[in-house]
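The structure appears below as structure tokens.
Chain identifiers are assigned alphabetically (A, B, ...) following the order of the sequence lines, protein sequences preceding nucleic acid strands; residue numbering begins at 1 within each chain. From a predicted model like this one, the values you see are computed outputs, not experimental measurements.
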There are 4 protein chains.
Amino acid sequence: MSRKQAYSRSELLDVTKRLVLEHGYDGFNLKLLSQHLPGARSTIYQYYANKDEIISACMKRAIQSIMEKASALDESDASTALQELLAIYMEEFKFHQLLGDSYKIKTNGSEETRANVEYVENAHEFLKVQLTRLVQKAQQEKLLRDDIPLPVHVGVFFNLISTPNMMNVPVSQWSKLLFDMWMGGAKK
Amino acid sequence: MSRKQAYSRSELLDVTKRLVLEHGYDGFNLKLLSQHLPGARSTIYQYYANKDEIISACMKRAIQSIMEKASALDESDASTALQELLAIYMEEFKFHQLLGDSYKIKTNGSEETRANVEYVENAHEFLKVQLTRLVQKAQQEKLLRDDIPLPVHVGVFFNLISTPNMMNVPVSQWSKLLFDMWMGGAKK
Amino acid sequence: MSRKQAYSRSELLDVTKRLVLEHGYDGFNLKLLSQHLPGARSTIYQYYANKDEIISACMKRAIQSIMEKASALDESDASTALQELLAIYMEEFKFHQLLGDSYKIKTNGSEETRANVEYVENAHEFLKVQLTRLVQKAQQEKLLRDDIPLPVHVGVFFNLISTPNMMNVPVSQWSKLLFDMWMGGAKK
Amino acid sequence: MSRKQAYSRSELLDVTKRLVLEHGYDGFNLKLLSQHLPGARSTIYQYYANKDEIISACMKRAIQSIMEKASALDESDASTALQELLAIYMEEFKFHQLLGDSYKIKTNGSEETRANVEYVENAHEFLKVQLTRLVQKAQQEKLLRDDIPLPVHVGVFFNLISTPNMMNVPVSQWSKLLFDMWMGGAKK
DNA sequence: GATGAATGAGTCTTCATTCAT
DNA sequence: TATGAATGAAGACTCATTCAT
């Protein structure tokens, strides 16, 4: 009955993700976005009500995909679970820098946006709790040094995900390698 | 006989640094800057020709301070040198996120800006080379695992600096702790 | 064999009238209109060629209904006729504010619109002439003070119609009351 | 020390008043305003933060001028006071249509705007109360018919102000004439 | 030197209208 | 005929930068 869309909401978010990662929250704008999509700038408003709704939807989708995998994780073995978690995070690792900009999103006016931001924040919290739980379990099982405070273990582990994969090793191998170095250290 | 300036170039850069770190390259603007300085917005142009010149000068100063310390480093003992280097980086660690935005700086028009950006890039290169040299030396001295490629060692080491210091330990201790974990690993 | 329309042109104008009165010429828009009608926004173009055609049709219909009653008026007794005229005007009184916006209607392009606006203007003129005639007649019959110029009598009478009916008296009573006050004054 | 302004805030409001009266709240826009002022459109933002702040300031100024005169009114003689009040209202009578649009003003975001709107609403209330008080006093002094409810007397009186002054009589005369007709009626 | 005023380029967003199915 | 998609023109607002005093 009506014309068919030139691109889907999902494709729009794909492009958004790339551009937001490249330019940051403030550097991203709709002119830029429209230049990477077919059609006019105003067409974007057929998909999302405004810029903040786009970015929040983008963030939500990214963290949602992490959440789904993280929720399905078998936590019975702490060590294995941590290694798998690292791999999960890494798939979307770049997005972590962005999630830090979520406070810039203006939620006033759009219920949709507010809900997205809330989801992101809750997911963030969930992941933090889960990670802490696993690290703690590992520490209790005497797998990890206990002269290091739990938050430091968590911080160091979490920080691994942003290690640049300069050799372009596949994610699964790369995460294994980093996990291995985290546990065993760089020392011979 | 000129009127005395209300603040110095250096103070201007101090404020700039804080604000750029807080808001990012695109989020930073001159209105914001002037609100954190005495006097009018237009007065800023008495100090620097334009926004990009300010940011580039700010970046230059930050990396310059790292450079000076890094150049003075005693490299005779690789292990000690690396640990000290980590401490040096950490003093300015937040600035690393920013240096990544240096490509956004528009150098056309201002020779000054161009020179600043070039300095930053050269310094970057120097630091990378120095770090690689030290890690390689350590590896050759059998201090580091040799099943791990050199760039990976370098990447993991370098990535340490952005580990959030959640316990607010003094930098010297914090860098020691991280160095220790990097070498020995998290494992018990 | 065409699909049956979900609503009639007349229903569309009913809604338009309400919304234009509520939001004014510039505040009225097709998105708003479509939200108060079944179906999609673009469907409106099946009924009228554009926004100005809708508003002009709406104005025309309103003044037409006044015209029909005013034309049928028995003018033999000036006083009675004036009172009835007041009642007629009041039925559509709110529309007077709108008719004042008729100059905003862009008639270029649509013959239909041009014709509507012309009709409205002619009707306006007709009503003005009729009213003046009746007031003049009343004045000649010594019903009205003759120290007051005719246009002033007309203006004051006409202005009555916008007196807010705060008590929500039925129009017939309300018009009688105002007519009574107009003639006899507020004085005891 | 700095360039001098091409026009004053007050001049800006003068032009605004004229244009808002001519085009209504929604029809008024900053492009239009800038076309009736020297300089660029963006210069207007040096004077007021946004469109709503301009309109609210304009409304406030108009009602403020009424308020000042109305407050200074000698209310000892109800009849005289009412006549003078009518003259006061008439000076700014056109603005009454506009004050009705004050609900369209978006006050979120600007404290200034909110304060202006509040002032306008309070003033509105004050004037309504004052007028009602005077009419009531006149009624109690047996100057006005007591078969007419007070709100109707008030409504009819207030409605007088919008009677078009077609003969362009000076306001003082015009208000006397209307007051006279209101009291004594149109009847011979 | 310092500064408030001025400005034009650029972004966000809305809306009447057209298009393709 | 009905409709969702597409669009360009327009208007609100911001901001780096220049100007005049």
Side-chain angles (χ1 to χ4, degrees), chain A residues 1-7 26-34 37-54 106 109, chain B residues 1-7 26 28-34 38-54 106 109, chain C residues 1-7 26 28-34 38-54 106 109, chain D residues 1-7 26-34 37-54 106 109:
Chain A
M1 229 161 169
S2 89
R3 240 194 300 203
K4 93 168 198 287
Q5 295 190 173
Y7 49 92
D26 293 284
F28 172 81
N29 65 59
L30 295 204
K31 187 183 179 188
L32 188 66
L33 178 55
S34 81
L37 284 171
R41 203 195 311 191
S42 60
T43 302
I44 293 169
Y45 290 89
Q46 302 275 352
Y47 294 76
Y48 290 99
N50 54 47
K51 183 178 156 175
D52 284 318
E53 208 166 299
I54 295 174
K106 286 167 304 237
Chain B
M1 279 287 95
S2 70
R3 225 191 295 199
K4 178 148 161 286
Q5 294 187 165
Y7 50 92
D26 293 282
F28 171 81
N29 65 62
L30 294 203
K31 189 182 178 187
L32 189 64
L33 178 56
S34 80
R41 194 181 345 172
S42 54
T43 303
I44 293 170
Y45 288 88
Q46 306 280 347
Y47 294 76
Y48 289 100
N50 57 45
K51 182 179 160 177
D52 283 318
E53 208 166 297
I54 296 173
K106 286 165 305 229
Chain C
M1 275 294 90
S2 70
R3 228 191 291 198
K4 177 146 161 285
Q5 295 187 164
Y7 50 91
D26 293 283
F28 171 82
N29 65 61
L30 295 202
K31 189 181 178 187
L32 188 65
L33 178 56
S34 80
R41 193 183 345 173
S42 54
T43 303
I44 292 169
Y45 289 86
Q46 306 282 344
Y47 294 76
Y48 290 99
N50 57 45
K51 182 180 161 176
D52 284 318
E53 207 166 299
I54 296 174
K106 287 166 304 234
Chain D
M1 229 159 169
S2 90
R3 240 194 299 202
K4 92 169 200 288
Q5 294 191 178
Y7 48 91
D26 293 284
F28 171 81
N29 66 60
L30 294 203
K31 187 182 178 191
L32 187 64
L33 178 56
S34 81
L37 284 171
R41 206 195 308 194
S42 59
T43 302
I44 293 169
Y45 291 90
Q46 302 273 356
Y47 294 77
Y48 289 100
N50 55 45
K51 182 179 157 175
D52 283 318
E53 209 166 297
I54 296 173
K106 286 166 303 234

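A search for side-chain hydrogen bond (donor to acceptor under 3.5 Å, both in side chains) contacts involving C/Q46 returns nothing, not counting sequence neighbours.
D/Y7 comes within 4.0 angstrom of no nucleic acid atom, judged by non-hydrogen atoms across all strands. Backbone-only engagement by A/Y47 is indicated by non-hydrogen atom pairs under 4.0 Å involving sugar-phosphate atoms exclusively. Using a 4.0 Å heavy-atom criterion, one finds that D/Q5 contacts the sugar-phosphate atoms exclusively.
Side-chain proximity of C/R41 to the nucleotides E/dC15, F/dT7, E/dC12 is greatest for E/dC15. For A/R3, the listed nucleotide lying nearest its side chain is F/dA5; candidates were F/dG11, F/dA5, E/dA16. Of the candidate nucleotides F/dA5, F/dT14, F/dA6, F/dA5 has the atom lying nearest to any side-chain atom of A/S2.
Atom CG of B/L30 is separated from atom C1' of F/dT18 by 13 Å (rounded to the nearest Å). For the pair C/I44 CD1 and E/dT18 P, the interatomic distance rounds to 14 Å; values are reported in whole Å. We find that CG of A/D26 is positioned 11 Å from P of E/dC12, with the value rounded to whole Å. Atoms CZ (A/F28) and C1' (E/dC12) sit 12 Å apart, rounded to a whole Å. Per the geometry, NZ belonging to C/K51 stands 12 Å off C1' belonging to E/dT17, to the nearest Å. Atom P of nucleotide F/dC13 and atom NZ of A/K106 are separated by 13 Å, given to the nearest angstrom. The interatomic distance linking A/L37 (CG) with F/dA5 (P) rounds to 15 Å, in whole Å. At whole-Å resolution of the value, OH in C/Y45 and P in F/dA5 are 17 Å apart.
At the phosphate of F/dA16, neither OP1 nor OP2 sits under 4.0 Å from any side-chain N or O atom of B/N50. Taking 4.0 angstrom as the limit, A/T43 places none of its side-chain polar atoms (N or O) nearer than this to OP1 or OP2 of F/dA5.
Closest heavy-atom contact between B/F28 and B/K51: O-NZ, 3.0 Å. In plain terms, the two heavy atoms of A/N50 and A/Y45 that are nearest each other are CA-CE2, 4.0 Å. Of all non-hydrogen atoms in D/L30 and D/R41, the two that sit nearest each other are O-CG, 3.6 Å. For the residue pair A/G27 and A/L32, the shortest heavy atom distance occurs at O-CD2, 4.2 Å.
Remark: F/dG11 base-pairs with E/dC12. Criterion, Watson-Crick or G-U wobble with two distances under 3.5 Å. With a cut-off of 3.5 Å on both pairing distances, the Watson-Crick or G-U wobble partner of F/dC19 is E/dG4.
Nearest-nucleotide mapping onto DNA chain E: of A/N29 and C/K31, the residue sitting toward the 5' end is A/N29. Place A/P38 and D/S42 on DNA chain F by their nearest nucleotides, and A/P38 ends up nearer the 5' end. With the nearest nucleotide of DNA chain F identified for both D/K4 and D/D52, D/D52 has the one nearer the 5' end.
In the interface, the side chain of C/Q46 is paired with the base of F/dA2 through a donor and an acceptor atom under 3.5 Å apart.
Judged purely by atom type and a 3.5 angstrom limit, D/Y47 has no side-chain atom pairing as donor or acceptor with the backbone of D/I54.
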